[in-house]
Amino acid sequence: MIVEKIWDVTALGELLVDFTPLESRGPNPAFEANPGGAPCNVLAMLSALGRKTAFIGKVGADYFGGMLHSALEELGISAEGLLHDRTYNTTLAFVHNDTAGERSFSFYRKPGADSMLRSQEVPFSLIEQSRIFHFGTLSMTDEPALEATRKALDCAKGCGALISFDPNLRPPLWESLAIAKDRMREGFSACDVLKIAGEELNFITGIGDQNRAALFLMDHYQIPLVFVTSGREGSAAYYPGGILRQETFLDVPTVDTTGAGDIFFGCMLDTILRLGPEGFSPQEMQEALRFASAAAAIVTTRPGAMRSVPRREEVDAFLNGHPL
(Lines give C-alpha, C1' and ligand atoms only; values in the text may rest on other atoms or scores of the structure.)
Protein backbone atom coordinates (compact mmCIF):
# COMPACT_ATOMS: atom_id res chain seq x y z
CA MET A 1 0.00 0.00 0.00
CA ILE A 2 1.31 3.44 -0.97
CA VAL A 3 1.19 5.93 1.92
CA GLU A 4 0.63 9.56 1.04
CA LYS A 5 3.56 11.79 2.04
CA ILE A 6 1.75 14.61 3.83
CA TRP A 7 4.76 15.77 5.87
CA ASP A 8 7.87 17.27 4.31
CA VAL A 9 10.12 16.52 7.30
CA THR A 10 9.57 14.64 10.53
CA ALA A 11 12.33 14.73 13.14
CA LEU A 12 12.90 12.62 16.23
CA GLY A 13 15.06 13.64 19.16
CA GLU A 14 15.49 16.24 21.85
CA LEU A 15 13.27 19.21 22.59
CA LEU A 16 14.74 21.15 25.49
CA VAL A 17 15.21 24.57 27.03
CA ASP A 18 18.36 26.52 26.18
CA PHE A 19 19.07 29.00 28.96
CA THR A 20 20.87 31.78 27.12
CA PRO A 21 22.93 34.34 29.08
CA LEU A 22 21.54 37.83 29.53
CA GLU A 23 23.39 40.93 30.57
CA SER A 24 23.25 40.91 34.35
CA ARG A 25 22.82 44.07 36.42
CA GLY A 26 24.32 42.44 39.50
CA PRO A 27 26.80 39.76 40.55
CA ASN A 28 24.42 36.89 39.74
CA PRO A 29 24.19 35.55 36.18
CA ALA A 30 20.88 35.97 34.36
CA PHE A 31 19.47 33.66 31.70
CA GLU A 32 16.63 33.68 29.18
CA ALA A 33 14.71 30.43 28.66
CA ASN A 34 14.64 29.69 24.92
CA PRO A 35 13.03 26.65 23.29
CA GLY A 36 15.69 24.58 21.54
CA GLY A 37 17.12 21.21 20.63
CA ALA A 38 18.87 20.60 17.32
CA PRO A 39 16.12 18.58 15.55
CA CYS A 40 13.48 21.19 16.40
CA ASN A 41 15.74 24.05 15.36
CA VAL A 42 15.93 22.40 11.94
CA LEU A 43 12.14 22.00 11.85
CA ALA A 44 11.60 25.62 12.91
CA MET A 45 13.63 26.85 9.94
CA LEU A 46 11.80 24.52 7.57
CA SER A 47 8.45 25.66 8.95
CA ALA A 48 9.46 29.30 8.45
CA LEU A 49 10.18 28.42 4.81
CA GLY A 50 6.67 27.02 4.40
CA ARG A 51 7.37 23.32 4.88
CA LYS A 52 5.03 20.93 6.72
CA THR A 53 6.93 19.53 9.69
CA ALA A 54 6.31 17.20 12.60
CA PHE A 55 8.26 16.29 15.74
CA ILE A 56 8.53 13.03 17.69
CA GLY A 57 9.92 13.20 21.21
CA LYS A 58 9.24 13.59 24.89
CA VAL A 59 9.30 16.41 27.42
CA GLY A 60 8.37 16.50 31.08
CA ALA A 61 4.87 17.07 32.40
CA ASP A 62 6.20 20.29 33.90
CA TYR A 63 6.20 24.02 33.23
CA PHE A 64 9.04 23.80 30.71
CA GLY A 65 7.38 20.93 28.86
CA GLY A 66 4.25 23.00 28.48
CA MET A 67 6.30 25.96 27.26
CA LEU A 68 8.01 23.81 24.63
CA HIS A 69 4.72 22.29 23.48
CA SER A 70 3.33 25.81 22.97
CA ALA A 71 6.48 26.81 21.06
CA LEU A 72 6.00 23.95 18.57
CA GLU A 73 2.43 24.96 17.92
CA GLU A 74 3.36 28.63 17.63
CA LEU A 75 6.03 27.82 15.03
CA GLY A 76 3.79 25.57 12.96
CA ILE A 77 5.49 22.29 13.88
CA SER A 78 3.05 19.45 14.50
CA ALA A 79 3.15 18.34 18.15
CA GLU A 80 1.06 15.23 17.68
CA GLY A 81 4.18 13.11 18.25
CA LEU A 82 5.17 14.95 21.44
CA LEU A 83 4.63 13.15 24.77
CA HIS A 84 4.73 14.52 28.32
CA ASP A 85 6.45 12.28 30.88
CA ARG A 86 5.12 12.48 34.46
CA THR A 87 8.23 10.86 35.96
CA TYR A 88 11.15 12.62 34.27
CA ASN A 89 11.63 16.35 33.87
CA THR A 90 12.27 18.33 30.71
CA THR A 91 15.96 18.49 29.80
CA LEU A 92 17.63 21.86 30.43
CA ALA A 93 20.80 23.23 28.84
CA PHE A 94 22.61 26.29 30.17
CA VAL A 95 24.56 28.01 27.42
CA HIS A 96 27.86 29.74 28.16
CA ASN A 97 29.13 32.10 25.47
CA ASP A 98 32.69 33.33 25.09
CA THR A 99 33.59 36.77 23.74
CA ALA A 100 33.10 35.56 20.15
CA GLY A 101 29.66 34.12 20.90
CA GLU A 102 30.89 30.51 20.77
CA ARG A 103 29.20 28.12 23.16
CA SER A 104 29.71 25.52 25.81
CA PHE A 105 26.89 23.78 27.67
CA SER A 106 25.87 22.60 31.11
CA PHE A 107 23.12 19.97 30.86
CA TYR A 108 20.50 18.88 33.38
CA ARG A 109 19.63 15.45 32.01
CA LYS A 110 20.22 12.48 34.33
CA PRO A 111 17.96 11.39 32.82
CA GLY A 112 15.82 13.93 31.00
CA ALA A 113 12.43 13.17 29.56
CA ASP A 114 13.78 13.24 25.99
CA SER A 115 16.00 10.22 26.63
CA MET A 116 13.04 8.21 27.99
CA LEU A 117 11.12 7.89 24.74
CA ARG A 118 10.18 4.21 24.26
CA SER A 119 9.91 2.47 20.91
CA GLN A 120 6.25 1.59 21.53
CA GLU A 121 5.54 5.31 21.94
CA VAL A 122 6.86 6.29 18.50
CA PRO A 123 4.01 7.25 16.12
CA PHE A 124 5.40 5.41 13.10
CA SER A 125 2.59 6.72 10.90
CA LEU A 126 4.20 10.18 11.02
CA ILE A 127 7.42 8.74 9.62
CA GLU A 128 5.60 6.72 6.98
CA GLN A 129 3.87 9.90 5.82
CA SER A 130 7.11 11.93 5.59
CA ARG A 131 9.39 12.71 2.67
CA ILE A 132 12.42 13.20 4.96
CA PHE A 133 13.17 11.69 8.37
CA HIS A 134 15.72 13.65 10.40
CA PHE A 135 17.62 12.63 13.55
CA GLY A 136 20.80 13.17 15.56
CA THR A 137 22.77 11.33 18.22
CA LEU A 138 21.30 12.88 21.37
CA SER A 139 18.42 10.41 21.16
CA MET A 140 21.05 7.64 21.02
CA THR A 141 22.96 8.38 24.24
CA ASP A 142 20.75 6.22 26.48
CA GLU A 143 18.02 3.62 26.51
CA PRO A 144 15.13 3.51 25.91
CA ALA A 145 15.45 6.37 23.38
CA LEU A 146 18.28 4.51 21.59
CA GLU A 147 15.96 1.62 20.70
CA ALA A 148 13.21 4.08 19.76
CA THR A 149 15.58 5.84 17.37
CA ARG A 150 16.67 2.56 15.78
CA LYS A 151 13.06 1.45 15.29
CA ALA A 152 12.23 4.85 13.78
CA LEU A 153 15.16 4.49 11.38
CA ASP A 154 13.98 1.03 10.34
CA CYS A 155 10.57 2.51 9.63
CA ALA A 156 12.03 5.39 7.62
CA LYS A 157 14.11 3.02 5.51
CA GLY A 158 11.17 0.70 4.97
CA CYS A 159 8.86 3.45 3.75
CA GLY A 160 11.43 5.04 1.43
CA ALA A 161 11.92 8.31 3.29
CA LEU A 162 15.11 10.26 2.67
CA ILE A 163 17.15 10.11 5.90
CA SER A 164 19.08 13.13 7.14
CA PHE A 165 21.51 13.05 10.05
CA ASP A 166 23.37 15.57 12.19
CA PRO A 167 25.67 14.03 14.83
CA ASN A 168 25.41 17.14 17.04
CA LEU A 169 28.09 15.78 19.38
CA ARG A 170 27.77 16.95 22.99
CA PRO A 171 30.57 15.16 24.91
CA PRO A 172 29.16 15.75 28.45
CA LEU A 173 26.10 13.66 27.59
CA TRP A 174 28.02 10.50 26.69
CA GLU A 175 29.23 7.78 29.03
CA SER A 176 32.31 7.62 26.82
CA LEU A 177 33.45 9.18 23.57
CA ALA A 178 34.06 5.67 22.20
CA ILE A 179 30.32 5.02 22.47
CA ALA A 180 29.63 8.38 20.85
CA LYS A 181 31.76 7.37 17.88
CA ASP A 182 29.88 4.08 17.52
CA ARG A 183 26.52 5.90 17.50
CA MET A 184 27.82 8.44 14.98
CA ARG A 185 28.87 5.58 12.72
CA GLU A 186 25.36 4.12 12.98
CA GLY A 187 24.02 7.43 11.77
CA PHE A 188 26.48 7.59 8.88
CA SER A 189 25.50 4.09 7.80
CA ALA A 190 21.80 5.00 7.78
CA CYS A 191 21.71 8.47 6.25
CA ASP A 192 21.33 9.86 2.74
CA VAL A 193 22.21 13.42 3.73
CA LEU A 194 24.73 14.37 6.41
CA LYS A 195 25.42 17.70 8.12
CA ILE A 196 28.52 17.61 10.29
CA ALA A 197 30.55 20.28 12.03
CA GLY A 198 34.23 20.60 11.21
CA GLU A 199 35.35 19.59 14.70
CA GLU A 200 33.06 16.54 14.60
CA LEU A 201 34.53 15.55 11.26
CA ASN A 202 38.02 15.62 12.72
CA PHE A 203 36.84 13.79 15.86
CA ILE A 204 35.33 10.85 13.97
CA THR A 205 37.91 10.47 11.18
CA GLY A 206 41.15 11.66 12.77
CA ILE A 207 41.93 13.28 9.42
CA GLY A 208 43.08 16.88 9.69
CA ASP A 209 42.34 17.87 6.10
CA GLN A 210 38.62 18.65 5.74
CA ASN A 211 38.30 17.61 2.11
CA ARG A 212 39.97 14.25 2.71
CA ALA A 213 37.89 13.64 5.84
CA ALA A 214 34.56 14.49 4.19
CA LEU A 215 35.33 12.44 1.09
CA PHE A 216 36.34 9.53 3.32
CA LEU A 217 32.91 9.58 5.00
CA MET A 218 31.14 9.82 1.65
CA ASP A 219 33.06 6.88 0.23
CA HIS A 220 33.20 4.65 3.31
CA TYR A 221 29.52 5.03 4.24
CA GLN A 222 28.13 5.68 0.75
CA ILE A 223 26.57 9.03 1.71
CA PRO A 224 25.55 10.92 -1.45
CA LEU A 225 25.47 14.41 0.06
CA VAL A 226 27.58 15.85 2.90
CA PHE A 227 27.54 19.38 4.30
CA VAL A 228 30.32 20.57 6.59
CA THR A 229 29.85 23.66 8.75
CA SER A 230 32.85 25.34 10.32
CA GLY A 231 31.53 28.48 12.00
CA ARG A 232 33.48 31.57 11.02
CA GLU A 233 35.45 29.50 8.48
CA GLY A 234 32.35 28.91 6.38
CA SER A 235 30.64 25.83 4.97
CA ALA A 236 31.10 23.31 2.20
CA ALA A 237 29.02 20.89 0.18
CA TYR A 238 30.38 17.53 -1.01
CA TYR A 239 28.25 15.85 -3.67
CA PRO A 240 28.73 13.77 -6.81
CA GLY A 241 29.19 16.93 -8.85
CA GLY A 242 32.16 18.09 -6.81
CA ILE A 243 32.96 20.35 -3.86
CA LEU A 244 31.60 23.86 -3.29
CA ARG A 245 32.44 26.31 -0.53
CA GLN A 246 30.67 29.27 1.00
CA GLU A 247 32.18 31.97 3.18
CA THR A 248 30.48 33.04 6.38
CA PHE A 249 28.90 36.48 6.61
CA LEU A 250 31.13 37.98 9.29
CA ASP A 251 29.76 41.52 9.34
CA VAL A 252 26.88 40.76 11.69
CA PRO A 253 26.70 41.57 15.43
CA THR A 254 26.93 38.03 16.78
CA VAL A 255 25.03 37.49 20.03
CA ASP A 256 24.63 33.72 20.22
CA THR A 257 25.71 31.00 17.78
CA THR A 258 23.31 28.40 19.24
CA GLY A 259 21.47 26.65 16.42
CA ALA A 260 23.29 28.34 13.53
CA GLY A 261 24.28 24.98 12.01
CA ASP A 262 20.71 23.70 12.44
CA ILE A 263 19.30 26.73 10.64
CA PHE A 264 21.84 26.17 7.85
CA PHE A 265 20.78 22.55 7.55
CA GLY A 266 17.08 23.39 7.58
CA CYS A 267 17.65 25.64 4.57
CA MET A 268 19.58 22.93 2.73
CA LEU A 269 16.84 20.37 3.40
CA ASP A 270 14.31 22.85 1.99
CA THR A 271 16.37 23.01 -1.20
CA ILE A 272 16.61 19.20 -1.33
CA LEU A 273 12.83 18.99 -1.03
CA ARG A 274 12.52 21.38 -3.96
CA LEU A 275 15.20 20.01 -6.27
CA GLY A 276 15.76 16.47 -5.05
CA PRO A 277 18.92 15.05 -3.43
CA GLU A 278 20.65 14.65 -6.80
CA GLY A 279 19.01 17.46 -8.73
CA PHE A 280 21.48 20.24 -7.98
CA SER A 281 23.41 22.07 -10.62
CA PRO A 282 26.61 23.69 -9.31
CA GLN A 283 24.94 27.10 -9.54
CA GLU A 284 21.88 25.93 -7.62
CA MET A 285 24.06 24.34 -4.98
CA GLN A 286 26.08 27.54 -4.56
CA GLU A 287 22.92 29.64 -4.31
CA ALA A 288 21.52 27.25 -1.71
CA LEU A 289 24.73 27.42 0.34
CA ARG A 290 24.69 31.21 0.23
CA PHE A 291 21.04 31.39 1.31
CA ALA A 292 21.64 28.90 4.15
CA SER A 293 24.71 30.80 5.32
CA ALA A 294 22.77 34.06 5.35
CA ALA A 295 19.97 32.51 7.41
CA ALA A 296 22.54 31.13 9.86
CA ALA A 297 24.21 34.55 10.12
CA ILE A 298 20.89 36.22 10.90
CA VAL A 299 20.02 33.79 13.68
CA THR A 300 23.36 34.46 15.42
CA THR A 301 22.28 38.08 15.96
CA ARG A 302 19.51 36.92 18.34
CA PRO A 303 19.41 34.78 21.46
CA GLY A 304 18.21 31.21 21.04
CA ALA A 305 17.29 29.56 17.76
CA MET A 306 13.75 28.22 17.39
CA ARG A 307 11.99 31.55 17.89
CA SER A 308 14.77 33.46 16.11
CA VAL A 309 14.58 31.81 12.68
CA PRO A 310 14.26 34.26 9.79
CA ARG A 311 11.57 34.18 7.13
CA ARG A 312 12.52 33.83 3.48
CA GLU A 313 11.88 37.52 2.85
CA GLU A 314 14.32 38.52 5.59
CA VAL A 315 17.04 36.27 4.18
CA ASP A 316 16.45 37.63 0.67
CA ALA A 317 16.70 41.20 1.98
CA PHE A 318 19.93 40.32 3.79
CA LEU A 319 21.41 38.88 0.61
CA ASN A 320 20.36 41.94 -1.37
CA GLY A 321 22.48 43.94 1.07
CA HIS A 322 25.42 41.61 0.44
CA PRO A 323 25.78 41.52 -3.36
CA LEU A 324 28.25 39.10 -4.89
**Message:** I'd like to know whether Tyr108 forms a side-chain contact (heavy atoms from CB on, under 4.5 Å) with Asn89, so could you lay out the CA-CA distance, the side-chain angles of the two residues, the decisive distance to 0.1 Å, and finally the verdict.
**Reply:** CA-CA 9 Å; Tyr108 288 77; Asn89 290 333; over 6 Å; no

**Message:** When you measure from the side chain of Asp192 to the backbone of Ile163, do you find a donor-acceptor pair of N or O atoms at a distance under 3.5 Å?
**Reply:** yes

**Request:** Among residues two or more places apart or on two chains, list those pairs meeting ring pair (Phe, Tyr, Trp, His ring centres under 6.0 Å) that have a residue in residues 183-203.
**Result:** Phe165-Phe188, Phe188-Tyr221

**Request:** Return yes if some donor-acceptor pair links the side-chain N/O of Ser308 with the main-chain N/O of Pro303 below 3.5 Å, else return no.
**Result:** yes

**Complete:** Residues pairing under salt bridge (Lys or Arg N to Asp or Glu O under 4.0 Å) where one sits in residues 53-72, two or more places apart or in two chains, turn out to be Lys58-Asp85, Lys58-Glu121

**Asked** So, Asp166 side chain and Asn168 main chain: donor-acceptor pair closer than 3.5 Å or not?
**Response** yes

**Sequence neighbours excluded, every pair satisfying ring pair (Phe, Tyr, Trp, His ring centres under 6.0 Å) that has a member inside residues 262-304** = His134-Phe265

**Request:** Would you please test Thr149 and Ser139 for side chain to side chain donor-acceptor pair (under 3.5 Å) and show each step?
**Result:** CA-CA 7 Å; Thr149 303; Ser139 62; 2.8 Å; yes

**Request:** List the atom of Met45, the atom of Val309, and the distance in Å for their closest heavy-atom pair.
**Result:** N-CG1, 4.0 Å

**Request:** Using the salt bridge (Lys or Arg N to Asp or Glu O under 4.0 Å) rule, collect all pairs that involve residues 37-50, keeping only residues at least two apart or in two chains.
**Result:** none

**Prompt:** Hey, do the aromatic rings of Phe227 and Tyr238 have their centres closer than 6.0 Å?
**Reply:** no

**Asked** Please walk me through it: do Thr20 and Asp18 pass side chain to side chain donor-acceptor pair (under 3.5 Å)?
**Response** CA-CA 6 Å; Thr20 306; Asp18 284 323; over 6 Å; no

**Request:** To the nearest 0.5 angstrom, please state how far the CG atom of Leu173 sits from the CG atom of Leu169.
**Result:** 9.0 Å

**Prompt:** Quick check: are there more than 12 heavy atoms from other residues, nucleotides or ligands sitting under 6.0 Å from CD of Glu278?
**Reply:** no

**Message:** Return the CD to SG distance between Gln222 and Cys191, rounded to the nearest 0.5 Å.
**Reply:** 11.5 Å

**Prompt:** What distance separates Asp114 CG from Thr141 OG1, expressed to the nearest 0.5 Å?
**Reply:** 7.0 Å

**Fill in**
Across all chains, not counting sequence neighbours, the side chain to side chain contact (heavy atoms under 4.5 Å, CB included) partners of Ser130 are Trp7, Thr10

**Item:** Phe94-Phe31 aromatic ring centre distance below 6.0 Å
**Value:** yes

**Check: Ser70 side chain, Gly66 main-chain N or O, donor-acceptor pair, under 3.5 Å** = yes

**Request:** For Ser189 and Arg185, indicate whether the former's side chain and the latter's backbone hold a donor-acceptor pair under 3.5 Å.
**Result:** yes

**Asked** So, does Thr91 use its side chain to make a donor-acceptor pair with the main chain of Leu16 at under 3.5 Å?
**Response** no

**Asked** When rounded to the nearest 0.5 angstrom, what distance separates CG in Leu217 from CD1 in Ile207?
**Response** 7.5 Å

**side chain to side chain contact (heavy atoms under 4.5 Å, CB included) partners of Glu175, counting only residues at least two apart** = Ile179

**Message:** Tell me the closest heavy-atom pair linking Leu117 and Val122, and the distance in Å.
**Reply:** CD2-CG2, 4.2 Å

**Item:** Salt-bridge present (Asp154, Lys151; N to O < 4.0 Å)
**Value:** no

**Request:** Starting from the C-alpha separation in whole Å, work towards a yes-or-no answer on side chain to side chain donor-acceptor pair (under 3.5 Å) for Asn34 and Arg302.
**Result:** CA-CA 11 Å; Asn34 289 292; Arg302 305 161 183 167; over 6 Å; no

**Prompt:** Which salt bridge (Lys or Arg N to Asp or Glu O under 4.0 Å) pairs, counting each pair once, include a residue from residues 139-150, with sequence neighbours left out?
**Reply:** Arg150-Glu186

**Message:** Treating Thr137 as the side-chain partner and Met140 as the backbone partner, does any N or O pair qualify as donor plus acceptor under 3.5 Å?
**Reply:** no

**Message:** Would Lys195 and Asp262 count as a salt bridge (Lys or Arg N to Asp or Glu O under 4.0 Å) here? Give the steps.
**Reply:** CA-CA 9 Å; Lys195 198 287 287 184; Asp262 305 325; 5.1 Å; no

**Prompt:** Any idea which heavy atoms bring Pro39 and Glu14 closest together, and the distance?
**Reply:** CD-OE2, 3.2 Å

**Request:** For Thr205, enumerate each residue passing the side chain to side chain donor-acceptor pair (under 3.5 Å) test, keeping only those at least two apart in sequence or located in another chain.
**Result:** none

**Request:** Measure from the side-chain N and O atoms of Glu200 to the backbone N and O of Ala197, and report whether any donor-acceptor pair falls under 3.5 Å.
**Result:** yes

**Prompt:** Using 30° and 60° as the class limits, which term best fits the ring planes of Phe64 and Phe19: parallel, tilted or perpendicular?
**Reply:** perpendicular

**Request:** May I ask you to decide whether Asp270 forms a salt bridge with Arg51, counting only side-chain N to carboxylate O separations under 4.0 Å?
**Result:** yes

**Request:** Any salt bridge (Lys or Arg N to Asp or Glu O under 4.0 Å) involving residues 122-131? Give me the pairs, sequence neighbours left out, ordered by first then second residue.
**Result:** Asp8-Arg131

**Prompt:** What about Met67 and Val59, same hydrophobic cluster or not, with Ile/Leu/Val/Met/Phe/Trp/Tyr joined at side-chain heavy-atom distances under 4.5 Å?
**Reply:** yes

**Audit row: Met268, Met285, side-chain contact (heavy atoms from CB on, under 4.5 Å) steps and yes/no** = CA-CA 9 Å; Met268 296 311 300; Met285 176 70 83; 4.1 Å; yes

**Those residues that, when tested against Ser106, pass side chain to side chain donor-acceptor pair (under 3.5 Å) (two or more places apart)** = His96

**Asked** Around atom CZ of Arg307, are there more than 12 heavy atoms of other residues, nucleotides or ligands at under 6.0 Å?
**Response** yes

**Message:** Run the side-chain contact (heavy atoms from CB on, under 4.5 Å) test on Leu269 and Ile132 for me, step by step, so that the C-alpha distance in whole Å, both residues' side-chain angles and the decisive distance to 0.1 Å come before the verdict.
**Reply:** CA-CA 9 Å; Leu269 290 179; Ile132 294 178; 4.2 Å; yes

**Item:** Shortest non-hydrogen contact from Gln210 toward Ser230
**Value:** OE1-OG, 3.3 Å

**Message:** Go through it in stages, so that I can follow the logic: the residues are Thr90 and Leu68, the test is side-chain contact (heavy atoms from CB on, under 4.5 Å), and I'd like the CA-CA distance, side-chain angles, deciding distance and then a yes or no.
**Reply:** CA-CA 9 Å; Thr90 301; Leu68 293 170; 3.5 Å; yes

**Asked** Once you round to the nearest 0.5 Å, how far does CG of Leu75 lie from CE of Met306?
**Response** 5.0 Å

**Item:** side chain to side chain contact (heavy atoms under 4.5 Å, CB included) involving Gln286 - partner list, sequence neighbours excluded
**Value:** Leu244, Gln246, Leu289

**Closest approach of Ala152 to Phe133 (non-hydrogen atoms, all atoms of both residues)** = CB-CZ, 3.7 Å

**Asked** So, Thr248 side chain and Gly231 main chain: donor-acceptor pair closer than 3.5 Å or not?
**Response** yes

**Item:** Main-chain N/O of Leu126 paired to Gln129 side chain as donor or acceptor, under 3.5 Å
**Value:** no

**Prompt:** According to a 4.5 Å side-chain heavy-atom criterion applied to Ile, Leu, Val, Met, Phe, Trp and Tyr, with indirect links allowed, do Leu72 and Leu83 form part of one hydrophobic cluster?
**Reply:** no

**Complete:** Looking only at heavy atoms, the pair that brings Leu319 and Arg290 closest together is CD2-NH1, 3.4 Å

**Request:** Return the set of residues passing side chain to side chain contact (heavy atoms under 4.5 Å, CB included) with Ala317 (not counting sequence neighbours), or none when no residue passes.
**Result:** none

